[in-house]
Amino acid sequence: MNFPCYMQAILEPEGTPDPMNAAKILVLNGPNLNMLGLREPEIYGRETLDDLNAKCVEKAAKLGLEADCRQSNIEGEMVTWIQGARTSHKGIILNAGAYTHTSVALHDALLASELPVIEVHLSNIFGRESFRHHSYISPIAAGVICGFGSLGYDLALEAMAKQVA
Ligand code: DHK
C-alpha cells in the first residue's frame, strides 16, 4: 500500500523485511534426511525434518528471505529442482546427504543454476569415515558449514543473506 513516506517509515521502520520482496532460497535436503530424528540420532540429532524446516522458514523471514524447503531421496528430482531454481530463486542451501560424495550430476546442475550455493552438513564429515571427506559440492560452493547440527542451516541462511544482498 502507498502511504506518505513519513507514515511508511512509522509502519515499516527501516530494516523491516518486506515479505513481498523476499529473495527465495532453495533449502534442499537429500537422501535419508527425511529420516531425521529417527536415524542415528547420536550423529544427526533428534530434531525431525519438519522441525528443521520450520526453523529455516522462521530464520529466513527474519533475514528478509523466503526459505523454500524441499527434500528428496531421488538424485534426478534434485537435479530438476536445482535447474528450476535458476529463474525462480536467488540461492541454494544444500545438504545433499550421501550424494555429496558421489554426484557429478548435482555438481553440474549447481553450476548450470549460476546461483550462489552454500553446502551444509549436520555432522562433521571430516571426523567420520574417509569416504565422507570428499565432496563434489564443495569446489563450487561459496562456503561449507558442517558439524553444528541444525544450527548450520541458520548460519547458512545468514551467510546467504549477505550473498544475495
Ligand atoms: C548427511 C548424510 O546423509 C550423509 O550421507 C553425509 C550428511 C553427511 C550430514 O552430516 O548432514 O555423509
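In what follows, every heavy atom counts, from backbone to side chain, and hydrogens, waters and symmetry copies are set aside. For ligands, and for the atoms within them, numbers begin at 1 and follow the listed sequence. As the structure is a prediction and not an experimental result, all values here were calculated from the model. All residue numbers refer to positions in the sequence shown, counting from 1.
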**Asked** Do E158 and K162 meet the salt-bridge criterion of a basic N to acidic O distance under 4.0 Å?
**Response** no
**Message:** Show me which atoms of ligand 1 lie under 4.0 Å from any heavy atom of L122.
**Reply:** 9 (C), 10 (O), 11 (O)
Quick one: look at [X] and ligand 1, take heavy-atom pairs under 4.0 Å, and tell me if it's side chain, backbone, both or neither.
X	value
N32	neither
R39	side chain
R132	side chain
I125	side chain
N95	side chain

**Request:** Using only heavy-atom distances, determine whether the side chains of S150 and K55 contain a donor-acceptor pair under 3.5 Å.
**Result:** yes
**Message:** Is it the case that the side chains of N73 and Q71 hold a donor-acceptor pair, with the cut-off being a distance below 3.5 Å and no angle test?
**Reply:** yes
Main-chain N/O of [Y] paired to [X] side chain as donor or acceptor, under 3.5 Å:
X	Y	answer
H89	I25	no
H101	S135	no
E66	A23	no

**Complete:** Contacts of R70 meeting salt bridge (charged side-chain N to carboxylate O under 4.0 Å, His left out) (sequence neighbours excluded), chain-then-number -> D68
Minimum-distance protein heavy atom relative to [atom]:
atom	result
atom 7 (C) of ligand 1	H121 ND1, 3.7 Å
atom 10 (O) of ligand 1	S123 OG, 2.6 Å
atom 1 (C) of ligand 1	Y44 CE2, 3.6 Å

**Request:** State whether the shortest distance between N or O atoms of V120 and N or O atoms of ligand 1 falls below 3.5 angstrom.
**Result:** no
**Message:** Looking only at distances, can you tell me whether any N or O atom of H101, backbone or side chain, sits closer than 3.5 Å to an N or O atom of ligand 1?
**Reply:** yes
**Request:** Side-chain contact test, heavy atoms from C-beta onward, threshold under 4.5 Å: evaluate it for L33 versus N95 and give yes or no.
**Result:** yes
**Request:** For Y99 and ligand 1, answer yes if some heavy atom of the residue is under 4.0 Å from a ligand atom, otherwise no.
**Result:** no
